[in-house]
Every structure is written in structure tokens, then in C-alpha cells.
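Just so it is clear, the values below take in all heavy atoms, side chains as well, and ignore hydrogens, waters and symmetry mates.
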Amino acid sequence: HWTDGATRLSRKSSLNTTNVMMWYAREELVAELGAVMLMGHFGIDLGTTRRHAQYFQGWLSRSGSKPAALRHAEREAARAVQFILERGRDRI
């Protein structure tokens, strides 16, 4: 969620919706997918992948169009991970 700020990636403006729950659900997808990507990058054990999958599926069911939500989550999680790896340390 940290990467969403106006001085970082401003994801609120990248999602064209006034539906607050849809925005929040998609933000949770981005955060969860980004966390899993970072864990993989740093070699951190995911533990029970079922827990991650269930959490993701729960928010996916509230995110509007599933294909659009998945595309959004993939694109924005990749951007967030890249931002964190490249510049995150300098912004804390």
C-alpha cells in the first residue's frame, strides 16, 4: 500500500472508478501479489500458499471484472515491486 502515495505511484488515479470497494479490493490484490513477488525475489518462504490464494480469491471476488482486476493487479504489483527494489530504501 505504501507505493500508492502521490509521491510514489499514485495508483488511485490509474484505476478509473468511483466505486470505493472495487478500488480497495484491487488495491488488496496489488498488495498481496506484490508481497508474494517480493518474497520470491528475496527467497523468503511463502509458507502455506493456500492462505495467499484464499486471501487473493476473496478480494478478487469483490473487485469487479475479474480479467480487468487480474490485469490491473499484475501490472501494478510489478510496478510497485520495481519501485521498491529500485528506490524504496531512499524513500522510507
So, Glu74 and Arg71, do they make that salt bridge, N to O below 4.0 Å?
no
For the CG atom of Leu29 and the CZ atom of Arg62, what is their distance to the nearest 0.5 Å?
9.5 Å
For residues 63-70, which side-chain donor-acceptor pairs fall under 3.5 Å, sequence neighbours excluded?
from: Ser63; atom 1: OG; to: Leu60; atom 2: O; distance (Å): 2.7
from: Ser65; atom 1: OG; to: Ala68; atom 2: N; distance (Å): 3.4

Closest heavy-atom pair, Ala73 versus Phe56, reported as atoms and distance to 0.1 Å, is CB-CZ, 4.5 Å
Under 3.5 Å, side-chain donor or acceptor atoms of residues 37-51 against the rest of the protein: list the pairs with distances, not counting sequence neighbours.
from: Asp45; atom 1: OD1; to: Gly47; atom 2: N; distance (Å): 3.2

Who pairs with Gln82 by side-chain hydrogen bond (donor to acceptor under 3.5 Å, both in side chains), at least two apart in sequence or on another chain?
Glu86
